[in-house]
Amino acid sequence: VCSSDLGILAGLVKGYLPARGNFDDWAADLAGGGQLNLADLDLVQKRNHILKAALEALPEKSRELLSTLALLSEAVDYPTLSALNPHLPPEPEEVKEPDDPKGFRPRWERMSAVDQERAEQEYQGALQRRKEYEQAVKSRPQSPEFLAAVRELANTVRDLERRGLLQYDGHTKRYDLHPVVRGIAAGGLRPEEKEGYGQRVVDHFSAQAHRPYDEAETLA
């Protein structure tokens, strides 16, 4: 068992609630380490067995963050990690900017006075809903739910680091998964999880402003 596997094993033992940090009790418990029969497995099987047990022991939000990061092919910085925070409250449902019915004058002029009045009322209502949506988007980062999610992310990251599943590079200031951890985590996702977490990743990167390569000033 390599050093990274030992770190993950240590995380399992530290997180064993009946007797935190007590290896003997953890190893004897069939609900804990007792389910791991490592003696009869080869090195690859041991690693996969340990990782699967570590993933199954994760709290829901820790597993969700790890699974989302597993769908990425490289390390991420803190802004990206924050955007993928599983604790965040849902974003307000988008309300598109309505079209002014007077904008297409020939059509507007052919409408009766009653239809014009109705169209104007609908337009004003749609404008109000758009303003409410914009206000909700603007106020979301200052909401109690959003601020609590930021604090919970810190707890989740520390939990994953303590379990040996998430790595932080102080030089590049990026968070990453060991390739084996990434493979096991991604491979264990159910189709609906892969679609949901994957859409979150796509939405985040799709919302980023495009920066042409010819304007790059550094390799990063």
Side-chain angles (χ1 to χ4, degrees), residues 1-15 21 47-48 50-52 54-91 137-189 193-220:
V1 180
C2 69
S3 59
S4 62
D5 296 331
L6 288 175
I8 294 170
L9 269 176
L12 284 170
V13 177
K14 288 179 183 177
R47 168 177 287 175
N48 292 350
I50 291 170
L51 282 172
K52 288 179 180 178
L55 295 178
E56 290 173 358
L58 286 176
E60 178 185 355
K61 295 301 182 182
S62 294
R63 182 178 182 275
E64 185 174 337
L65 178 60
L66 188 76
S67 298
T68 303
L69 294 176
L71 296 176
L72 299 171
S73 59
E74 57 186 24
V76 301
D77 55 15
Y78 181 73
T80 300
L81 187 74
S82 297
L84 302 178
N85 182 357
H87 301 281
L88 288 175
E91 295 187 12
V137 171
K138 183 178 179 180
S139 61
R140 180 171 176 264
Q142 286 77 44
S143 68
E145 295 82 5
F146 191 97
L147 297 176
V150 174
R151 294 190 294 270
E152 287 301 319
L153 174 63
N155 294 333
T156 296
V157 168
R158 283 193 291 267
D159 177 51
L160 290 173
E161 289 177 333
R162 178 180 59 82
R163 295 171 182 270
L165 296 170
L166 182 64
Q167 305 168 351
Y168 177 70
D169 188 328
H171 179 67
T172 62
K173 294 182 172 56
R174 288 178 176 267
Y175 298 84
D176 202 2
L177 307 181
H178 187 282
V180 178
V181 175
R182 175 176 278 110
I184 295 294
L189 289 175
E193 291 177 326
K194 185 174 294 185
E195 181 178 354
Y197 302 158
Q199 190 60 52
R200 184 182 303 168
V201 171
V202 170
D203 290 344
H204 167 67
F205 286 105
S206 298
Q208 304 305 301
H210 175 60
R211 300 181 63 186
Y213 293 116
D214 55 8
E215 296 180 8
E217 297 178 358
T218 67
L219 182 60

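- Taking each heavy atom of A70 and A186 in turn, the nearest pair found is CB-N, 3.9 Å.
- Listed by first and then second residue, the ring pair (Phe, Tyr, Trp, His ring centres under 6.0 Å) pairs that reach into residues 67-87 come to none, sequence neighbours excluded.
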Intermediate values then yes/no, side chain to side chain contact (heavy atoms under 4.5 Å, CB included), D169 and D176 | CA-CA 8 Å; D169 188 328; D176 202 2; over 6 Å; no
Test side-chain hydrogen bond (donor to acceptor under 3.5 Å, both in side chains) on D77 and T80 and set out the steps.
-> CA-CA 6 Å; D77 55 15; T80 300; 2.8 Å; yes
Could you walk me through whether N155 and E152 pass side chain to side chain contact (heavy atoms under 4.5 Å, CB included), step by step?
-> CA-CA 5 Å; N155 294 333; E152 287 301 319; 3.9 Å; yes
Stepwise salt bridge (Lys or Arg N to Asp or Glu O under 4.0 Å) test for K61 and E64 = CA-CA 5 Å; K61 295 301 182 182; E64 185 174 337; 3.6 Å; yes
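- Applying the ring pair (Phe, Tyr, Trp, His ring centres under 6.0 Å) definition to pairs two or more places apart or across chains, those involving residues 141-169 are Y168-Y175.
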Please test R162 against D159 for salt bridge (Lys or Arg N to Asp or Glu O under 4.0 Å), starting from the C-alpha separation and ending with a verdict.
-> CA-CA 5 Å; R162 178 180 59 82; D159 177 51; 2.7 Å; yes
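- Taking 4.5 Å as the limit, some side-chain heavy atom of L58 sits within range of a side-chain heavy atom of L165.
- Between the CG atom of L66 and the OG1 atom of T156 there is a distance of 11.0 Å, given to the nearest 0.5 Å.
- Put simply, the side chain of R174 never gets that close to the backbone of E74: no donor and acceptor are under 3.5 Å apart.
- Nearest heavy atoms, V157 versus L81: CG2-CD2, 3.8 Å.
- Between E60 and P86 the shortest side-chain heavy-atom distance does not fall below 4.5 Å.
- Counting all heavy atoms, side chain and backbone alike, L147 lies closest to P141 at CD2-O, 3.7 Å.
- Using modelled atom types, one finds no donor on one side chain facing an acceptor on the other under 3.5 Å when comparing S82 with N85.
- In the displayed structure, E91 atom CD is contacted under 6.0 Å by at most 12 heavy atoms of other residues, nucleotides or ligands.
- Summarising the geometry, atom CG belonging to L84 is positioned 12.0 Å from atom OG belonging to S67; distances are rounded to the nearest 0.5 Å.
- Rounded to the nearest 0.5 Å, atoms CG (L177) and CG (L160) are 8.5 Å apart.
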Stepwise, does the side chain to side chain contact (heavy atoms under 4.5 Å, CB included) test hold for L88 with L153?
-> CA-CA 9 Å; L88 288 175; L153 174 63; over 6 Å; no
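- R182 contributes a side-chain N or O that, together with a main-chain N or O of L72, makes up a donor-acceptor pair within less than 3.5 Å.
- Atom OH of Y197 is separated from atom CG of L69 by 11.5 Å, given to the nearest 0.5 angstrom.
- Put simply, CD on E195 and CG on L71 are 12.0 Å apart, with the number rounded to the nearest 0.5 Å.
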